[in-house]
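A short write-up of the structure that comes next.
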Amino acid sequence: MELYWLTAQEIQEKILNREIKVEEVVQIVLERIRQVEDKINAFVTVCENEALQQARKIDKKIVEKEKLGRLVGIPIAIKDNISTKGIKTTCGSKILENYVPPYNATVVEKILAEDAIIIGKTNMDEFAMGTTTETSYFGPTKNPWDLSRVPGGSSGGSAAALAAGETFLALGSDTGGSIRCPASFCGIVGLKPTYGLVSRYGLIAYANTFEQIGPMARTTYDCALLLNVIAGWDPKDSTSVQIQTSDYVEKLTGDFKKLKIGIPKEMIGEGTEDKVLKSLFNYVSKLEEFNVEWTEISLPTLDYALPAYYLIAMSEASSNLARFDGVRYGYRVQDLDLDWNQVFSKSRREGFGAEVKRRIILGTYALSAGYYDKFFLKSLKAITLIKEDFEKAFKKFDVLVSPTMPILPFKLGEKINNPLALYLCDVDTVPVNLVGIPAITFPCDFQENLPVGVQVMAPPFKEDLLLKISYLSERKLQFNKFKPKCDKK
Amino acid sequence: MEKHISREHVKHLSWLARLELSEEEEVLYTSQLNEILEYFNKLSKLNTENVPPTYHVIGKINVFREDEIQPSLSNQEALKNAPKKRNGFFEAPKIL
């Protein structure tokens, strides 16, 4: 097997045993990127020089027997809405095409402090608004399992890079499913942490009350390893929570006393493909041997989660994206004779893509006089009821399980001109962000050589339980051994 | 279909958002926004009488810290990404 298919855990073992130098690991990944990137388009920026420089620094540390970090020598890809000092951070947008952050996001500081290597910045839907990575100004990313299909979004670059062997670890962000959707479509593991577990400092905001940065990897162990590093309170993010975090790697193993699973029937109803349902029930029936029992349940208010999510997310977007005024950073039109409002409006007209504009206009509408109560406030009240439904369910069940995506990865271009059809794809992922709970996705089956992901949801701060279930499922199902053949002509 | 929002209204919103739209965009967004709002209108069926809004899932209100001077960006770093600058300031378009 090619070395780029090893897990982060395995490559780190080789580094620590001095079987391979970090510089060689980085060269292997860069070579793999050169081999497949013209087909996949997972990266906006590949950090060749920075990565090699950092690798040599770490090799020196190893030789000189200095204390080493927990991610020593592991190449990691970072979604392009997470600020990296001195490295372009575009958000997949023309308006930030040349933006170079003067500081690092807290998660970036943390992974660098643990001796990881930033290999590149990954492609994404513009400002994380999308389900396919097709809204990126830098062109769509392709699904490594079938290059004619979407990789999911908005963290499509991070997911595709992992699935294609172009990195060992990746960071994504999840506002309404943006880690879980592409992880599911690309057949990898992705975790959306509890709101407040991971610092958002340096994450360029889209809908700040919903989004979290989270780990993406080819195995559950790798995912836990990365979560260990990024979780924790940050004084620079006032919404991060002061809580004792677990050692998620240590807690991966061990049996369940008994695990009770609820499957919300609202998440397996109309709009869910039969193939996806078949995969889901096939998966849960395989769990029975592990002292796991499951029942279908109802969370009636889930039917209202999608409109509530989109209305609030768009409202927050319209406010958050007001900072792009062409004065402090970002694209600005030539403005010899134009006044402030004209420069502002025209820079945004030329700098933003279609989906971002649509959401800003709709968000402005939902917040404007006469519509605020009907749409925005109503959505906030809906959250209260949806949260109550989840709390009730978690009194009876340890976790809830659903398909991550109601459909299999679809063709590029198939839905991009129908915004509502795309929004409806997020029906099973957005409730999690509305109520702030953690959720994981991992592959539970393959249909027509395309991965099918399962979503497991838990009460706040139960990431350890989610990772444990994923770890157990992975050992039973072994889908992480499957690799796409994207390098074949 | 102009049940929820008219083209004039979209035009007004684009002014409020300081986001100029082309004529084609105005037409396209009017029809798409009507379709989307028709679906979002589903929310009106949810009974929310006496239900308080949830502004924030973790329920934090205020977070305070001591007002101490900490390192921050230099003038040069802060201006590095500005499309226009002059004498150590951002250069903004004229207002009057």
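Basis for what follows: all heavy atoms, side chains included, without hydrogens, waters or symmetry-related copies. In what follows, every chain begins at residue 1, and chains take the letters A, B, ... in the order their sequences are listed.
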Given heavy-atom pairs under 4.5 angstrom as the criterion, report whether the side chain, backbone, both or neither of [X] touches chain B.
{"X": "A:Ala382", "answer": "both"}
{"X": "A:Ile437", "answer": "neither"}
{"X": "A:Phe352", "answer": "side chain"}
{"X": "A:Ser318", "answer": "neither"}
{"X": "A:Lys357", "answer": "both"}

Pick whichever of [options] has the most heavy-atom pairs under 4.5 Å with chain B.
{"options": "A:Gly196, A:Gly363, A:Pro235, A:Ala354", "result": "A:Ala354"}
{"options": "A:Asn98, A:Leu385, A:Ile360", "result": "A:Leu385"}
{"options": "A:Pro102, A:Ser368, A:Ala308", "result": "A:Pro102"}
{"options": "A:Thr301, A:Leu362, A:Thr209, A:Val343", "result": "A:Leu362"}
{"options": "A:Ile383, A:Val327, A:Thr239", "result": "A:Val327"}
{"options": "A:Lys374, A:Lys378, A:Lys346, A:Gln342", "result": "A:Lys378"}

query: Should the ring pair B:His56 and A:Tyr195 be called parallel, tilted or perpendicular, given that the plane angle runs from 0 to 90° and is split at 30 and 60?
result: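 Because their plane-to-plane angle is over 60°, the rings of B:His56 and A:Tyr195 count as perpendicular.
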field: Aromatic plane relationship, A:Tyr201 with A:Tyr103 - under 30° parallel, 30 to 60° tilted, over 60° perpendicular
entry: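 Tilted, since the angle between the ring planes falls between 30° and 60°.
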task: May I ask you to decide whether A:Glu388 forms a salt bridge with A:Lys392, counting only side-chain N to carboxylate O separations under 4.0 Å?
output: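 Judged by the 4.0 Å cut-off on N to carboxylate O distance, A:Glu388 and A:Lys392 do not form a salt bridge.
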message: Assess whether a salt bridge exists between A:Lys94 and A:Glu97, defined as any Lys/Arg side-chain N lying under 4.0 Å from an Asp/Glu carboxylate O.
response: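 Salt bridge absent between A:Lys94 and A:Glu97.
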query: At what distance, to the nearest 0.5 angstrom, does CG of A:Leu302 lie from CD of A:Glu266?
result: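 So the gap between those two atoms works out to 5.5 Å.
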- prompt: Is there a donor-acceptor contact under 3.5 Å from the side chain of A:Glu355 to the main chain of A:Thr135?
  reply: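 No, the answer is negative, given that no donor and acceptor are paired below the 3.5 Å cut-off.
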If you tally heavy-atom pairs under 4.5 Å against chain A, which of [options] wins?
{"options": "B:Pro83, B:Ser74, B:Ser14", "answer": "B:Pro83"}
{"options": "B:Leu73, B:Leu16, B:Leu28", "answer": "B:Leu73"}
{"options": "B:Ala78, B:Ser44, B:Ser22", "answer": "B:Ser22"}
{"options": "B:Leu33, B:Asn41, B:Val10, B:Asn62", "answer": "B:Leu33"}
{"options": "B:Val57, B:Leu21, B:Leu79", "answer": "B:Val57"}

At a heavy-atom separation under 4.5 Å, does [X] approach chain A through its side chain, its backbone, both, or neither?
{"X": "B:Lys85", "value": "neither"}
{"X": "B:Asn47", "value": "backbone"}
{"X": "B:His9", "value": "side chain"}
{"X": "B:Val63", "value": "side chain"}
{"X": "B:Ile58", "value": "side chain"}

Minimal non-hydrogen separation, [X] against [Y], with atom names:
{"X": "A:Ser347", "Y": "A:Ile95", "value": "O-CD1, 4.2 Å"}
{"X": "A:Thr384", "Y": "B:Pro53", "value": "OG1-C, 3.6 Å"}
{"X": "A:Glu316", "Y": "A:Asn208", "value": "OE1-N, 2.9 Å"}

message: The test is side-chain hydrogen bond (donor to acceptor under 3.5 Å, both in side chains); show your working for A:Glu350 and A:Tyr331 and say whether it passes.
response: CA-CA 8 Å; A:Glu350 290 175 25; A:Tyr331 178 82; 2.4 Å; yes
task: Would you indicate whether the side-chain heavy atoms of A:Phe376 and A:Tyr371 approach each other to under 4.5 Å?
output: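 The answer is no; the side chains never approach within 4.5 Å.
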- request: Please examine the side chains of B:Lys80 and B:Glu77, heavy atoms only from C-beta on, and report whether any two atoms are closer than 4.5 Å.
  value: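 No, side chains not in contact.
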message: What verdict does the ring-ring contact (aromatic ring centres under 6.0 Å, His included) test give for A:Phe375 and A:Tyr365, after you've listed the backbone C-alpha separation in whole Å, the side-chain angles of each residue and the deciding distance to 0.1 Å?
response: CA-CA 9 Å; A:Phe375 288 114; A:Tyr365 173 79; 5.8 Å; yes
